Amino acid sequence: MKLPLLQVRNLSVDFPQGRVVNEASFNIELGEKIALVGESGSGKSVMAMSLVRLIESAKLSGRILWIPQDEDTLNPEATEAPQSLDLVKLPIKGFADIRGQDIAFVFQEPMTALNPLFTVGDQIAEVLEIKRGMRRRDAWGEAVSLLHQTGIPDPALRANAYPHQLSGGQRQRAMIAMAIAAEPKLLLADEPTTALDVSLRGQILDLVDSLQQKHGMAILLITHDLNMARRFVHRVMVMENGYLVEQGEVTGVLSNPQHPYTR
């Protein structure tokens, strides 16, 4: 039996002002592409960031089970189930090994996510040094290679650029390069094309799609764009006012929606 990479059960996210996510349950399998859709304020980003505990003031309940995907896990003849890790109960200091290495996050606005004081090459190389134990020289070479993979022209030159010296599309590509640097199993992409013009949105989606196929990672795409979901993902989850109201294969949900909100 194939085990999911991430298993979320009855996840609720509360703040002093009230509850934002209400008992959400879903699975993500390795290599799968899922869209989490809903209008602004529905709780999509809060739920995604809560998977890796990025919101300090949030109080989580329920379970977020991370199930390591190694050769034993993927072996159908394995006699023992792999040891899962409940990310709700995991101390914050334990996320140093999870964030970036197992689960990476691509934020909506790269200008606020990238450090303006360091070149993009330095920032990608730092991830490689910390997460993959590379020496500085090797990490820099790999950083340039990752920028090349994302389609940035003259990657060796762009690696020496600061974020403000790159265009919006180049910054987004640089942030994606940083996200995949440690070869994560799951990539969380929060509205990765919203800040880009229409001509660049398709390019970024094609880039993420090709990288997903190359590295075999799972992707959770947070978006309010149903056409983007239809084009890009295998499954879709629909969120309304903090509730997951519908989920299933993208063609089925979008062609024959069952919930009034989805319709």
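The first residue in the sequence is number 1, and the count goes up from there. In this text the structure is predicted, and so the values were computed from the model without any measurement.
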Task: Step-by-step salt bridge (Lys or Arg N to Asp or Glu O under 4.0 Å) determination, D206 to R231 - done: CA-CA 10 Å; D206 289 341; R231 168 186 169 185; 2.5 Å; yes

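Counting only N and O atoms by type, the side chains of Y261 and E39 include a donor and acceptor under 3.5 Å apart. Counting only N and O atoms by type, the side chains of N22 and S12 include no donor and acceptor under 3.5 Å apart. Side-chain atoms of T262 and E246 include a donor-acceptor pair closer than 3.5 Å.
Of the possible polar contacts, one joining the Q212 side chain to the M217 backbone as a donor-acceptor pair under 3.5 Å is found. Judged by distance alone, the side chain of D154 and the main-chain N or O of L157 form no donor-acceptor pair under 3.5 Å. Under a 3.5 Å cut-off, the side chain of K33 and the backbone N or O of F232 do form a donor-acceptor pair. R63 places no side-chain N or O within donor-acceptor distance of the main-chain N or O of N10, the cut-off being under 3.5 Å. Here the side chain of Q123 pairs a donor or acceptor atom with the backbone of N115 at under 3.5 angstrom. A donor-acceptor pair under 3.5 Å links the side-chain atoms of Q170 to the main chain of S167, judged by distance alone. No donor-acceptor pair under 3.5 Å is formed between the side chain of R173 and the backbone N or O of I152. Side-chain N or O atoms of Q247 include one that pairs as donor or acceptor with a backbone N or O of S25 at under 3.5 Å. A donor-acceptor contact shorter than 3.5 Å links the side chain of S50 to the backbone of V46. Side-chain atoms of E142 do not come within 3.5 Å of backbone N or O of L128 as any donor-acceptor pair.
In this structure, A143 and A125 approach most closely via the heavy-atom pair CB-N, 4.0 Å.
A salt bridge does not link R230 with D225: none of the charged nitrogens is closer than 4.0 Å to a carboxylate oxygen.
In the hydrophobic clustering of ILVMFWY residues, with side-chain heavy atoms under 4.5 Å counting as a link, I28 and L65 come out apart. With hydrophobic clusters built from ILVMFWY side chains whose heavy atoms lie under 4.5 angstrom apart, I219 shares a cluster with F26. Hydrophobic clustering, with ILVMFWY side chains joined whenever heavy atoms are under 4.5 angstrom apart, keeps Y162 apart from M178.
Cation-pi check for K59 over F15 is not met; the charged atom does not lie both under 6.0 angstrom from the ring centroid and within 45 degrees of its normal.
The CG atom of L220 sits 11.5 Å away from atom CG of L5, with the distance rounded to the nearest 0.5 Å.
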Show every donor-acceptor pair shorter than 3.5 Å between a side-chain atom in residues 94-106 and any protein atom, with sequence neighbours excluded, or say none if there are none.
from, atom 1, to, atom 2, distance (Å)
R99, NE, V52, O, 2.9
R99, NH2, V52, O, 3.0
R99, NH2, R53, O, 2.6

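For K214, the side chain to side chain donor-acceptor pair (under 3.5 Å) partners are Q149, not counting sequence neighbours.
When R9, E32, R235 are each tested for a side chain to side chain donor-acceptor pair (under 3.5 Å) with N27, only one passes: R9.
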